[in-house]
*Asks:* 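Quick one: the structure is below, questions incoming.
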Amino acid sequence: MEIADILKKQIADGINNLYNQHLDENEIKLEITNKDHKGDLTFVTFPYLKFSKQKPAETANAIGNYVIANCSSVSHFNVVNGFLNFEISDSFCLNFLKLNFKNTDFGSINQGNGKCVMVEFASPNTNKPLHLGHLRNILLGYSVSEILKFAGYNVISANLINDRGIHICKSMLAWSKGNGETPQSSNTKGDHLVGKYYVEFDKIYRKEIEELKQQGIPDDEAKKTAPSIVEAQNMLVKWEQHDPHIIALWKKMNNWVYDGFEQTYKRLGVTFDKYYYESNTYLLGKDLINEGLQKKVFVKDPDGSVWIDLTQDGLDRKIVLRADGTSVYITQDLGTAQLKYDEYKMDNSIYVVGNEQDYHFKVLKIILQKLGKQYANGIFHLSYGMVDLPHGKMKSREGTVVEADELMDEMYSTANKLTMELGKTEGFTENELKSLNETIAMGALKYYLLKVEHVKRMLFNPEESIDFHGNTGPFIQYTFARISSVLRNTANNENIDVSCSLHISEKELIITLLLFPQKVMLASQTYNPSVIANYIYEISKLFNRLYHELSILGEPDSIKKSNRVAICRLTAIVIKNGMKLLGIAVPERM
RNA sequence: GGUCCGCUAGCUCAGCUGGAUAGAGCAACAGAUUUCUAAUCUGUGGGUCAGGGGUUCGAAUCCCUUGCGGAUCACCA
């Protein structure tokens with residue numbers, strides 16, 4: 001049992017005995033003792049004065065005396081006003097260490113109990129390469145998947161690819177007017193090549209609009225009647241009619257994009273269990289529309305369009321089917337939600353999608369609930385904020401989009417430069433060196449994007465993001481490398497002597513290590529990787545301080561040395577496991 | 001206009017299921033390496049927790065309100 005649980009029970013018993021007031025131990029709250037006071041865990045007595053009918057300090061002393069008489073895990077306590085500060089005994093810390101320092105799974109919990117969760121993320125369009133915004137999405141989705149697995153859930157990662165629509169037709173059109181270059185012939189990554197033609201289309205289109213406007217045609221009309229957009233729309237119609245030429249071109253260009261995306265996913269270390277394609281799902285959802293009409297959840301307007309009135313729920317009146325019987329975005333998402341559930345019967349379905357779609361997902365969930373779908377309650381929109389650049393939003397027209405591949409390359413060369421400058425990689429083969437630099441580069445990038453809580457907008461500062469000092473991925477990786485270096489130089493034969501005393505920096509580290517499973521629980525309940533990121537950073541800081549203050553291998557007292565090496569082992573486990581939850585690898589040397 | 005989200009040090013962020021004097025990193029300045037990796041550590045300065053009100057023993061944290069920034073309310077996806 002955890003120290004906090006033991007203490008809570010003792011405190012509840014104490015209040016029961018002293019004041020004849022029955023309290024459940026779960027009602028007792030404990031917190032980490034403030035830095036400026038002696039102690040490890042603090043119980044605040046103010047809310048209980050109504051039972052004790054004594055002054056705060058008297059109450060705290062009475063409870064403290066009860067606990068220390070009944071609980072060997074507590075060595076001392078002190079009282080400051082109504083604050084009761086407990087000191088955890090060294091033997092308790094060492095028992096915990098003894099129990100866990102060889103447990104490479106330390107931190108994993110069984111909160112999920114095998115429940116099935118689908119996490120949908122990435123979900124790119126197929127007309128251009130992945131950019132910084134996708135990176136936040138992908139890293140968040142992947143990390144949440146890892147956290148849920150570690151918390152005992154059965155996770156299915158899914159990627160819903162938007163492979164159809166006007167956007168890809170634009171690229172197709174521009175490409176078909178070009179010289180027929182391919183990724184092979186141009187030596188270009190497929191997604192970048194298709195993206196190039198998307199930009200190409202936009203240039204032509206804008207030029208046409210300008211020309212039309214000069215002829216006195218109003219802006220909106222020019223945008224609708226420019227020849228290239230009309231042509232692209234015709235192409236979409238032909239696609240829907242299964243025109244073999246268009247379908248062949250569409251397949252060819254989409255496959256180029258998929259090859260490109262796969263390379264990027266691979267570099268990021270991300271995989272998916274299931275791909276959905278909108279070309280297969282865009283017609284879904286019509287059965288649900290009929291079902292909704294029968295259940296009188298939807299109404300049909302005189303023109304034949306189908307609507308749902310959500311004004312009672314604080315939302316709006318929303319169309320779910322056009323008058324011509326074709327689907328809108330929400331229709332296909334309803335259908336896809338049903339498809340996912342039919343295939344996997346999952347308990348929870350998480351959509352990692354930017355916060356500009358908050359409204360859409362509210363509507364999606366509430367419609368499914370009104371249709372009486374039980375699984376709707378398990379739907380959760382994991383909404384995240386946009387990534388801004390120092391000069392504002394990313395805008396493709398202004399060429400300020402930070403492309404994922406390019407960014408990863410930049411991070412790599414920075415890592416490479418720093419590794420060379422520091423010159424600690426003697427004896428590395430060329431491949432080992434490359435692999436190390438890639439590990440550091442990815443660590444820096446991933447940590448930078450995951451340490452900020454997802455609901456917040458975040459600023460991506462190119463200068464700062466390549467900083468490898470302070471609260472960064474490389475700092476944590478470095479801490480791991482330091483520990484690894486120590487462990488390389490010691491035999492694997494630690495015996496923990498629980499009667500030994502601990503140095504303050506050892507004890508603080510152990511007490512923080514002990515919190516790892518709770519942090520995993522919090523992160524999994526709130527789908528929040530930043531909890532893990534900040535926690536691992538805290539661990540790394542504590543370890544570096546210990547490393548500086550105390551010698552580990554040079555410790556003359558063999559018992560203390562053995563204990564200290566075991567602390568290193570558990571710290572390494574926590575850092576490695578925690579970083580894995582963020583999708584970040586840790587190097588043995590750097 | 002309606003709804004939703006955000007606002008904490010010069011900058012980037014923690015802390016938010018209410019607790020003690022609000023914490024880190026970066027930047028600035030001053031130090032630490034004959035010792036297990038200095039991508040490290042120690043110290044100094046830096047705050048109207050956007051403003052105002054409320055709830056209570058106690059509010060950065062909960063509620064109301066105002067301001068600022070963003071998103072959304074498409075027969076686009």
Side-chain angles (χ1 to χ4, degrees), chain A residues 29 31 33-37 42 44-47 49-50 56 80-83 85 123 125 162 164-167 278 282 303 305-307 311 314-324 326-333 354-360 362-363 383 385-386 388 390 393 415 418-419 421-422 424 440 444 448 451-453 455-461 463-465 467-472 474-479 481-490 522 530-531 533-535 537-538 540-541 543-555 564-565 568 589-590:
Chain A
K29 284 184 184 169
E31 48 211 84
T33 301
N34 184 299
K35 263 184 193 167
D36 302 326
H37 293 85
T42 294
V44 182
T45 59
F46 294 108
L49 301 183
K50 59 190 171 192
V80 181
N81 197 6
F83 295 91
N85 304 317
S123 308
N125 290 357
N162 185 5
R164 66 166 280 280
I166 193 72
H167 53 83
E278 285 200 10
Y282 82 107
D303 71 352
S305 58
V306 181
W307 297 77
T311 49
L315 302 171
D316 305 88
R317 194 165 187 262
K318 186 87 188 164
I319 192 163
V320 291
L321 198 70
R322 295 190 185 102
D324 65 4
T326 57
S327 303
V328 291
Y329 178 40
I330 193 82
T331 324
Q332 56 175 292
D333 258 12
N355 63 8
E356 75 272 17
Q357 294 200 38
D358 285 356
Y359 182 79
H360 173 74
K362 249 184 209 169
V363 170
S383 167
M386 298 292 104
D388 283 328
K393 285 176 81 167
L418 266 165
T419 302
E421 276 172 18
L422 291 167
K424 297 182 187 177
I440 295 169
Y448 187 84
K451 74 175 174 184
V452 179
E453 196 186 359
V455 299
K456 293 186 175 159
R457 282 181 90 82
M458 68 173 290
L459 185 87
F460 182 81
N461 186 332
E463 314 269 305
E464 195 186 317
S465 68
D467 193 347
F468 290 2
H469 303 273
N471 187 0
T472 64
F475 169 79
I476 297 165
Q477 290 173 321
Y478 175 71
T479 309
R482 272 186 150 178
I483 298 172
S484 301
S485 175
V486 171
L487 296 178
R488 268 197 301 275
N489 294 313
T490 180
L522 181 63
S530 76
V531 167
N534 289 306
Y535 170 73
Y537 173 58
E538 193 62 35
S540 298
K541 272 200 299 188
F543 180 82
N544 278 313
R545 201 179 69 190
L546 179 148
Y547 184 91
H548 188 261
E549 284 177 0
L550 302 171
S551 180
I552 298 159
L553 300 180
E555 169 59 48
R564 210 165 282 164
V565 171
C568 288
R589 289 181 59 189
M590 71 183 272

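Only heavy atoms go into these numbers, but all of them, side chains included; no hydrogens, no water, no symmetry mates. Just so it is clear, the structure is predicted and the values come from calculations on it, not from any experiment. Numbers restart at 1 for each chain; the letters A, B, ... are given by sequence-line order, proteins then strands.
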*Asks:* What integer distance in Å separates A:Lys50:NZ from B:U56:C1'?
*Replies:* 12 Å
*Asks:* So A:Leu550, base contact, sugar-phosphate only, or nothing? Heavy-atom distance under 4.0 Å.
*Replies:*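 Base, at least one base heavy atom under 4.0 Å.
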*Asks:* Test of understanding: with side chain to side chain donor-acceptor pair (under 3.5 Å), list the residues that count as partners of A:Tyr537, not counting sequence neighbours.
*Replies:* none
*Asks:* Which base sits across from B:U3 as a Watson-Crick or G-U pair, both distances under 3.5 Å?
*Replies:* B:A71
*Asks:* In whole Å, measure the gap between the C1' atoms of B:A50 and B:G70 for me.
*Replies:* 16 Å
*Asks:* With C1' as the reference atom in both, quote the distance from B:A14 to B:C29 in angstrom, rounded to an integer.
*Replies:* 25 Å
*Asks:* Watson-Crick or G-U wobble partner for B:C62, using a 3.5 Å limit on both distances?
*Replies:*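 Result: B:G54.
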*Asks:* Using a heavy-atom cut-off of under 4.0 Å over every strand shown, decide if A:Val452 touches base, sugar-phosphate, or nothing.
*Replies:*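 Sugar-phosphate: the residue A:Val452, judged by heavy atoms under 4.0 Å, touches backbone atoms but no base.
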*Asks:* Any chance you could measure A:Gln477, atom CD, to A:Ser484, atom OG, to the nearest 0.5 Å?
*Replies:*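 Here the rounded value is 11.5 Å.
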*Asks:* Using the C1' atom as the reference point in each nucleotide, state the distance between B:G2 and B:G19 in Å, no decimals.
*Replies:*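 Approximately 38 Å lies between the C1' atom of B:G2 and that of B:G19.
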*Asks:* Measure from OH on A:Tyr547 to P on B:U33 and round the result to the nearest Å.
*Replies:* 15 Å
*Asks:* Provide, to the nearest angstrom, the distance between the CG atom belonging to A:Asn534 and the C1' atom belonging to B:U12.
*Replies:* 12 Å
*Asks:* Do A:Asp316 side-chain atoms and A:Lys318 backbone N/O form a donor-acceptor pair below 3.5 Å?
*Replies:* no
*Asks:* Which pair of heavy atoms, one from A:Leu459 and one from A:Tyr448, lies closest together, and at what distance?
*Replies:* O-OH, 3.2 Å
*Asks:* Between A:Lys29 and B:G18, is there a side-chain N or O to OP1/OP2 distance below 4.0 Å?
*Replies:*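 For A:Lys29, the contact criterion (side-chain N or O under 4.0 Å from OP1 or OP2 of B:G18) is met.
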*Asks:* Between B:C7 and B:C13, how many Å separate the two P atoms, rounded to a whole number?
*Replies:* 10 Å
*Asks:* Quick one: pull up CD in A:Glu278 and CD in A:Gln332 and give me the separation to the nearest 0.5 Å.
*Replies:*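 The CD atom of A:Glu278 sits 4.5 Å away from the CD atom of A:Gln332.
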*Asks:* Roughly how many Å apart are B:C5 and B:G10, using the P atom of each and rounding to a whole number?
*Replies:* 28 Å
*Asks:* Taking atom P in both B:C62 and B:G69, what distance in whole Å separates the two?
*Replies:* 24 Å
*Asks:* Between A:Leu459 and A:Val80, which residue's closest nucleotide on RNA chain B lies nearer the 5′ terminus?
*Replies:*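 Whichever sits nearer the 5' end wins; that is A:Leu459.
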*Asks:* At under 4.0 Å between heavy atoms, which parts of nucleotides 70-77 of chain B does protein reach? Answer with one letter per nucleotide, 5' to 3': B base, S sugar-phosphate only, - none.
*Replies:* SSSS-BSB
*Asks:* Take atom CG of A:Asn34 and atom P of B:G23, then tell me their distance rounded to the nearest Å.
*Replies:*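 Answer to the nearest Å: 7 Å.
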*Asks:* Stacking between A:Phe46 and the base of B:G19 (centre distance under 5.5 Å, interplanar angle under 30°)?
*Replies:*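 Stacked: centres under 5.5 Å apart, planes under 30°.
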*Asks:* With a non-hydrogen cut-off below 4.0 angstrom, is A:Tyr537 in contact with a base, only sugar-phosphate, or nothing?
*Replies:* sugar-phosphate
*Asks:* Which nucleotide in the list B:U3, B:A38, B:G6 gets nearest to the side chain of A:Lys362?
*Replies:*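 The answer is B:U3, which lies nearest to the side chain.
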*Asks:* Could you tell me how far apart A:Tyr535 (OH) and B:G15 (P) are, to the nearest whole angstrom?
*Replies:*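 Distance, rounded to whole Å: 15 Å.
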*Asks:* The side chain of A:His469 lies closest to which of these nucleotides: B:C13, B:C26, B:A14?
*Replies:* B:C26
*Asks:* Using the P atom on both, measure B:C73 against B:C11 and round to a whole Å.
*Replies:*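 B:C73 and B:C11 have their P atoms separated by 32 Å.
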*Asks:* Determine the interatomic distance between P on B:A20 and the same-named atom on B:G15; round to the nearest Å.
*Replies:*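 Comparing P positions in B:A20 and B:G15 gives a spacing of 16 Å.
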*Asks:* Taking the side chain as everything from C-beta on, heavy atoms only, tell me whether A:His360 gets closer than 4.5 Å to A:Asp333.
*Replies:*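 A:His360 reaches A:Asp333 side chain to side chain.
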*Asks:* For A:Val565 and A:Ile552, which heavy atoms make the closest approach, and how far apart are they?
*Replies:*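 Between these two residues, the closest heavy atoms are CG2-CG2, 3.9 Å.
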*Asks:* Should B:U40 form a Watson-Crick or G-U wobble pair with both distances under 3.5 Å, which nucleotide is its partner?
*Replies:*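 Looking at the geometry, B:U40 pairs with B:A32.
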*Asks:* Across the strands shown, which category fits A:Thr42 at heavy-atom distances under 4.0 angstrom: base, sugar-phosphate, nothing?
*Replies:*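 Base contact - A:Thr42 has a heavy atom under 4.0 Å of at least one base atom.
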*Asks:* Please report the distance, rounded to the nearest Å, between NZ in A:Lys456 and C1' in B:A14.
*Replies:*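 Answer to the nearest Å: 8 Å.
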*Asks:* Counting C-beta onward and ignoring hydrogens, is there a side-chain heavy-atom pair between A:Thr42 and A:Asn34 closer than 4.5 Å?
*Replies:*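 No, every pair of side-chain atoms sits at 4.5 Å or beyond.
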*Asks:* Heavy-atom nearest nucleotide on RNA chain B for A:Lys35 versus A:Leu315: which residue maps closer to 5'?
*Replies:* A:Leu315
*Asks:* Check the interface with nucleotides 41-44 of chain B: list each N/O to N/O pair with the protein under 3.5 Å, or write none.
*Replies:*
unit_1	atom_1	unit_2	atom_2	d
B:C41	O2'	A:His548	ND1	3.0

*Asks:* Within the structure shown, what part of the strands sits under 4.0 Å from A:Gln477 by heavy-atom distance: base, sugar-phosphate, or nothing?
*Replies:*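 The residue A:Gln477 makes no contact with any strand.
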*Asks:* Considering all heavy atoms of both residues, which atom of A:Asn355 and which atom of A:Ser383 are nearest to each other, and what is their separation?
*Replies:*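 So the minimum-distance heavy-atom pair works out to CB-OG, 3.0 Å.
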*Asks:* Please determine if A:Arg482 forms a cation-pi arrangement with A:Phe543, meaning its NZ or CZ atom is less than 6.0 Å from the six-membered ring centre and no more than 45° off the ring axis.
*Replies:*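 Output no; distance or angle outside limits.
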*Asks:* Can you measure A:Glu31 atom CD to B:C16 atom P for me and round it to whole angstrom units?
*Replies:*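 It is 11 Å, rounded to the nearest whole Å.
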*Asks:* How many Å lie between CG on A:Leu522 and P on B:C16, as a whole number?
*Replies:*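 To the nearest whole Å, that distance equals 8 Å.
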*Asks:* Assign A:Thr419 to base, sugar-phosphate, or nothing according to its heavy-atom contacts below 4.0 angstrom with the strands shown.
*Replies:*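 Base, at least one base heavy atom under 4.0 Å.
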*Asks:* Using the rule for Phe, Tyr, His and the six-membered ring of Trp, do A:Phe83 and B:G19 stack at under 5.5 Å and under 30°?
*Replies:*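 Base of B:G19: not stacked against A:Phe83.
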*Asks:* For A:Ala444, is there any backbone N or O sitting under 3.5 Å from a side-chain donor or acceptor partner on A:Thr472?
*Replies:* no
*Asks:* A:Pro47 has a side chain; which of B:C13, B:G19, B:A24 sits nearest to it?
*Replies:* B:G19
*Asks:* At their closest point, which heavy atom of A:Lys451 faces which heavy atom of A:Asn534, and how far apart are they?
*Replies:*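 The pair with the smallest heavy-atom distance is O-ND2, 3.7 Å.
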*Asks:* Can you tell me the Watson-Crick or wobble partner of B:C26, both distances under 3.5 angstrom?
*Replies:* B:G10
